[in-house]
Trainee: 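What follows is a structure written as C-alpha cells; I'll ask about it next.
Numbers restart at 1 for each chain; the letters A, B, ... are given by sequence-line order, proteins then strands. Quick caveat: nothing in here was measured; it's all calculated off a predicted structure. Heavy atoms only: backbone and side chains are in, while hydrogens, waters and symmetry mates are out.
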2 protein chains.
Amino acid sequence: MPNSLHHRAVEHLGNRIVNGTIRPGEIILASSIEDELGVSRSVVREAVRVLASAGLVISTKRVGIRVLPPEDWNPFDPLVIRWRLASGGLGAQLRSLTELRVAVEPMAAELAAEHAPDEFCGELLNLAAQMRHAGRSGDLATFLELDIRFHALVLAASGNEMFANLANPIGETLRGRTELGLMPERPHEEALAWHQAVADAISAHDPQDARDAMEKIMRRTNEEICGVWADKPRLFPTPRI
Amino acid sequence: MPNSLHHRAVEHLGNRIVNGTIRPGEIILASSIEDELGVSRSVVREAVRVLASAGLVISTKRVGIRVLPPEDWNPFDPLVIRWRLASGGLGAQLRSLTELRVAVEPMAAELAAEHAPDEFCGELLNLAAQMRHAGRSGDLATFLELDIRFHALVLAASGNEMFANLANPIGETLRGRTELGLMPERPHEEALAWHQAVADAISAHDPQDARDAMEKIMRRTNEEICGVWADKPRLFPTPRI
DNA sequence: GAGACTTCATGCCTGCACAGATTGGCGTCA
DNA sequence: TGACGCCAATCTGTGCAGGCATGAAGTCTC
C-alpha cells in the first residue's frame, strides 16, 4: 500500500530527519506529529516504531520522541539509504557505498566465477555485449541501466544473499552519480573491455581473472569520484561492544 | 524499553518466522496473533509494521499477514541477523557474513591506515599485545573478546560508517563460531603475528601492509570454516531492478 | 467472459486507563 | 543561607477496547 497514511508518515518523518530539517537531539511529541500530518495516533505510533527500528528515533515515556544522531542510524537500512541519497548532500552516503563496492564486487565476481548457474553466465555475456553497443553509440541512458543490471547480476550470481542485497542501493547510487554529472561523458573503451572480461571470466569459471577484471573497474570508479568527498570529514564513533 | 509488549511481540514473531516455525507463504491473521500472545490490536499492528519493514511479512487487506520467503528478508537488518544466528541452522548466515568479512576487512584496514586517529592506533597496538598474551596463555574466552574488539576497532577506524556498522554482527558471528567449536584449540602463532602486523601498519599509516596482513587473517579464517557450509546450497534469486 | 455485488480482514480513528520518568516543592541538615 | 534528598504532581508514551471506512477476493449474474 504505497499510498497509505502509514507509508506517508514514515516517508515524511524519515526524510525530514535525514535531510536535517529535524535535528538530532530534538524532541518531538507524538501529538505534534498528529497535528502536523493530520493523522491519528495509531498512524503516528506505527510510523515511530518503524523509524525507531531503523535507529532514527527513540521514544521514552514522559519525554517524547527523541531524534538520534546519524551515528545511530542503520546505514544498511534501505529506507535510510534512500533518504540519504535523496537528501542532496549525499557525500557520506556515496563514499560509504562506493568503498563498500570496491571491497565487495571483486569478491562477488570471484564467487560468481565459482558458483554462477549457466543462465546467469549467458545473461552476463548478453549484457556485456549490449553495454558495448550502447556505450559506443553514446546512448548513455540505456548504458546506465545496463550497467546497473550487470553489476546486480554479478552480485546475485555470487550466491551470497548479502551481496545480492546490495544491488538496489548500488543501483540507486549509480543513478545518483549520473544525475550529479559524475559519470564520464561516454564510457571509456577500457571499461567496456573490462566488463566483457568479467563476463568472460565468470562464464569460463575463472575466479582469479574475474576478480582481477572487476578490481580494475572498481579502481577506476573509485578514482573517478573520490574527489567528491575529499573534503567531507570522516566520522570515527567509538565502537560499542 | 526492552520488556514492552511491543518488543516481545516483535521478538516472538520474528524468531518464529526466521527459525521456520511459521513457514513462508503462510498467512496469519492479526486476530490470531492477538489471541496467541494475549495482546491488543495496537501491539500486534505495530509489531507487524516493524516486521514488514524488515521484509519478513507483508500485510494485505482482505487477505491477512503473509509470511515472505527468506529471499525477501533484509539480510542486513540487525534483528534478522540476530534471529538467524539464534535459529541454530546458521549455515547461510555464517557463510554470508564470513564472505563479507573477507571482502570488507582488508579494505577497512587499508582505509584505517590512511585515516585512523591516533587514539585508535594506540588502542589497536594495546589490543594486539593483550591478544598475544591471552593467546599464548591459552585463555580463549578473553582472547575471543579481545579479537572481537580488535576487528570492531579496525572497522571503526576506517571512518566508513557502513564498515563500522558491521562490527556487531561480526562480533556475534565470532561468538557463534566458538560456541559451535569452529575455532582452533588455541590461536596460531601466525595469527597473533598478523594481528600485530595489522596494528603496526595502521599505526605507521602504511595502507598496503595493513591490507596485506588483514588479508592473511581473513584467508586463514575462511579456510578454517568454509567446510561448514560446503554442503549448504547457494541461492540465486533473480535480481529485481 | 465481463461486470456488479457481497464478504471480510486490514486501515484508520477515538476515548480511556495505566506506567514510568521528570520536575518542582518541601523539609532536613550542615 | 544553601545544598541535599525525598516525595508527589504531572506529563507522555504504552496498551486496551470498540467503532466505521476501505478495498481486494471471491461469487454471482447476465
Trainee: Of A:Val63 and A:His7, whose closest DNA chain C nucleotide lies nearer the 5' terminus?
Mentor: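 Counting from the 5' end, the first nearest nucleotide belongs to A:His7.
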Trainee: Listed by chain and number, what are the side-chain hydrogen bond (donor to acceptor under 3.5 Å, both in side chains) partners of B:Asn15, not counting sequence neighbours?
Mentor: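 side-chain hydrogen bond (donor to acceptor under 3.5 Å, both in side chains) list for B:Asn15, sorted by chain: empty.
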Trainee: Classify every nucleotide of nucleotides 16-21 of chain D by which part a protein heavy atom approaches to under 4.0 Å, writing B for the base, S for the sugar-phosphate alone and - for neither, in 5'-to-3' order.
Mentor: B-BB--
Trainee: Test side chain to side chain contact (heavy atoms under 4.5 Å, CB included) on B:Arg45 and B:His6; report intermediate values, then the result.
Mentor: CA-CA 9 Å; B:Arg45 291 172 48 86; B:His6 168 74; over 6 Å; no
Trainee: Is A:Ser31 touching bases, backbone alone, or none of the nucleic acid, heavy atoms closer than 4.0 Å?
Mentor: nothing
Trainee: Would A:Arg66 and A:Glu26 pass as an ion pair if we require N to O under 4.0 Å?
Mentor: no
Trainee: Between P on D:dG13 and CD on A:Glu46, what's the gap in Å once rounded to a whole number?
Mentor: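 So the CD-P distance, A:Glu46 to D:dG13, works out to 16 Å.
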Trainee: Provide, to the nearest angstrom, the distance between the CD1 atom belonging to A:Ile33 and the P atom belonging to C:dC13.
Mentor: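 Atom-to-atom, A:Ile33 to C:dC13, this comes out as 14 Å.
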Trainee: For A:Ile65 and D:dT12, give me the distance from atom CD1 to atom P, rounded to whole Å.
Mentor: 11 Å
Trainee: Step by step, work out the side chain to side chain contact (heavy atoms under 4.5 Å, CB included) result for A:Glu161 and B:Trp73.
Mentor: CA-CA 10 Å; A:Glu161 50 182 358; B:Trp73 305 347; over 6 Å; no
Trainee: Roughly how many Å is it from CG in B:Asn3 to P in D:dG15, rounded to a whole number?
Mentor: 11 Å
Trainee: Look at all strands and tell whether A:Arg49 reaches a base, only sugar-phosphate, or nothing, counting heavy atoms closer than 4.0 Å.
Mentor: sugar-phosphate
Trainee: Would you kindly give the CD1-to-C1' distance between B:Ile27 and D:dA25, to the nearest whole Å?
Mentor: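 Computing the B:Ile27:CD1 to D:dA25:C1' distance gives 11 Å.
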Trainee: Check step by step if side chain to side chain contact (heavy atoms under 4.5 Å, CB included) holds for A:Leu111 and B:Arg234.
Mentor: CA-CA 11 Å; A:Leu111 289 170; B:Arg234 287 178 178 263; 4.0 Å; yes
Trainee: Kindly say if B:Ser59 contacts the phosphate of C:dG11, meaning a side-chain N or O under 4.0 Å from OP1 or OP2.
Mentor: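 B:Ser59 to C:dG11 OP1/OP2: side-chain N or O found under 4.0 Å.
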Trainee: CD1/A:Ile28 to CD1/A:Ile17 distance, rounded to the nearest 0.5 angstrom?
Mentor: 5.5 Å
Trainee: For a salt bridge (charged side-chain N to carboxylate O under 4.0 Å, His left out) check, start with the C-alpha distance between A:Arg84 and A:Glu172, then their side-chain angles and the critical distance, and finish with the verdict.
Mentor: CA-CA 11 Å; A:Arg84 288 189 133 165; A:Glu172 295 194 35; over 6 Å; no
Trainee: Which distance, rounded to the nearest 0.5 Å, do you find between the CG of A:Leu37 and the OG of A:Ser32?
Mentor: 9.0 Å
Trainee: Could you list all N or O pairs between the protein and nucleotides 9-11 of chain D that sit under 3.5 Å apart?
Mentor:
| residue | atom | partner | partner atom | Å |
| --- | --- | --- | --- | --- |
| D:dT10 | O2 | A:Arg62 | NE | 3.4 |
| D:dC11 | O2 | A:Arg62 | NE | 3.2 |

Trainee: For A:Arg66 and C:dA21, what is the distance between atoms CZ and P respectively, to the nearest whole Å?
Mentor: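 Value for this atom pair: 14 Å.
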Trainee: Assert yes or no for the condition that the ring centre distance of B:His7 to B:His12 is strictly below 6.0 Å.
Mentor: no
